[in-house]
2 protein chains.
Amino acid sequence: MPIQLAGKAAERGNSPAGDHCPVDRAMQLIGSRSTMLLMREAYYGTTRFDAFAARVGMTEAVTAKRLRELVAAGLLERRPYQEPGQRTRHEYALTERGLDLMPALFALGQWGRKHLPHDGTPMLTHDACGAPVRVELRCTEGHRPRPEELVITS
Amino acid sequence: MPIQLAGKAAERGNSPAGDHCPVDRAMQLIGSRSTMLLMREAYYGTTRFDAFAARVGMTEAVTAKRLRELVAAGLLERRPYQEPGQRTRHEYALTERGLDLMPALFALGQWGRKHLPHDGTPMLTHDACGAPVRVELRCTEGHRPRPEELVITS
DNA sequence: CGGCATCCTGTATGATACTG
DNA sequence: CAGTATCATACAGGATGCCG
């Protein structure tokens, strides 16, 4: 049974042909599968090139290209570091901009966990209270609006 | 300045090479730009083929293909309907599964709005109280964990 | 209006081999 | 370990034209 949002949306004007909405821009920049998986790994705590490539299961070529893009886009930062007695290495660390993407990625995972077949996969937990963490729509007054209560405003 | 999540993540085992995490599956199914934009339109209230194609600015061929995929994946439902005196038409209506994806798409838009250049774009509002709606991470106890308070558990 | 078929280009990704 | 280079395949998406 299909569901309708509050219908005020339909009254808005057309999107311009060349679509410049934030969703579109974001998808063009970071919307590839490999990019998303690399970000997932970054949230998991991965920082080194080899670990990214191995965990995501991508070739080094793709890994290198996407990591370069993510650094260029400011979601990751490439920093040299040196362990005592070792040669200089580089790590890829999350920036604030990269961290801000976490809800989007996590929301996607939340959807997949609910609607697609999957193996047992890790959950996010709030360490302070031990409760599971989810992504949700919430208005600044703290309410959780039902779909029918949402309106799109210009 | 880079940011680290709680480090317990790094202790987990490798992801299998063929990655079956929900994020990956979701990206493979609905991760294309055109798919996301079509879903955005569905949330805006668009239901007819022509409106989808025009608003997203895609060719009919791509629109048809993606809509077919979205129906097959259960995010949209294709239903015949008839206006008085008109021939039978079809509309594409959101299913619950499709509606569940809204936080993910909205979170992506929220990120884009904050971190990418964009024109003035519509906002989501909670009709009951008039307050703007955002996507956020929240634990089931109602807290909003800071990034350092998040741990990944198996 | 609501599509489908065909051709074409660009990108995403894998496989493999090589370098500092 | 951290990549680069090259080749090959698959899919995304635009352009165009046809159909009921």
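We name chains A, B, ... by the order of the sequence lines, and we start the count at 1 in each one.
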Return the value, rounded to whole Å, for the distance between atom [atom1] of [X] and atom [atom2] of [N].
{"X": "L67(A)", "N": "dA2(D)", "atom1": "CG", "atom2": "P", "answer": "11 Å"}
{"X": "M36(A)", "N": "dT13(C)", "atom1": "CE", "atom2": "C1'", "answer": "17 Å"}
{"X": "E91(B)", "N": "dC1(C)", "atom1": "CD", "atom2": "C1'", "answer": "15 Å"}
{"X": "F52(B)", "N": "dG2(C)", "atom1": "CZ", "atom2": "C1'", "answer": "13 Å"}
{"X": "F49(B)", "N": "dG2(C)", "atom1": "CZ", "atom2": "C1'", "answer": "6 Å"}
{"X": "M27(A)", "N": "dA12(D)", "atom1": "CE", "atom2": "C1'", "answer": "11 Å"}
{"X": "R33(B)", "N": "dG13(D)", "atom1": "CZ", "atom2": "P", "answer": "7 Å"}
{"X": "I30(B)", "N": "dC11(D)", "atom1": "CD1", "atom2": "P", "answer": "18 Å"}

Quick check against the 3.5 Å criterion: does T95(B) have a side-chain atom that pairs as donor or acceptor with the backbone of L75(B)? yes
Would the distance check show the side chain of Q28(A) and the main-chain N or O of R25(A) forming a donor-acceptor pair, the cut-off being under 3.5 Å? no
Nearest to side-chain heavy atoms of [X], which nucleotide of [options]:
{"X": "M58(A)", "options": "dC1(D), dA15(D), dG14(C)", "value": "dG14(C)"}
{"X": "E60(A)", "options": "dG14(C), dG3(D), dC1(D)", "value": "dG3(D)"}
{"X": "V62(A)", "options": "dT13(C), dG13(D), dG3(C)", "value": "dT13(C)"}
{"X": "T59(A)", "options": "dC4(C), dA15(C), dT13(C)", "value": "dA15(C)"}
{"X": "R89(B)", "options": "dG3(D), dT13(C), dC1(C)", "value": "dC1(C)"}
{"X": "K65(A)", "options": "dA15(D), dG14(D), dA12(C)", "value": "dA12(C)"}

Classify [X] by what it touches in the nucleic acid, base, sugar-phosphate, or nothing, heavy-atom distance under 4.0 Å.
{"X": "A61(B)", "value": "base"}
{"X": "S32(B)", "value": "sugar-phosphate"}
{"X": "T63(A)", "value": "nothing"}

Lys/Arg N to Asp/Glu carboxylate O, R48(B) vs E91(B), below 4.0 Å: no
Does this structure show an ion pair linking E136(B) with R144(B), if we count only N-O contacts that are shorter than 4.0 Å?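 Counted as a salt bridge, because a side-chain N and a carboxylate O are separated by less than 4.0 Å.
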Does [X] put a side-chain nitrogen or oxygen below 4.0 Å from OP1 or OP2 of [N]?
{"X": "Y81(A)", "N": "dC1(D)", "answer": "no"}
{"X": "R78(A)", "N": "dA2(D)", "answer": "no"}
{"X": "R66(A)", "N": "dT13(C)", "answer": "yes"}
{"X": "R48(B)", "N": "dC1(C)", "answer": "no"}
{"X": "R68(B)", "N": "dC4(C)", "answer": "yes"}

Identify the heavy atoms of G109(A) and P22(B) that sit nearest to each other, and give their distance. O-CB, 3.4 Å
Please check if any side-chain donor atom of Y81(A) sits under 3.5 Å from a side-chain acceptor atom of R89(A), or the reverse. no
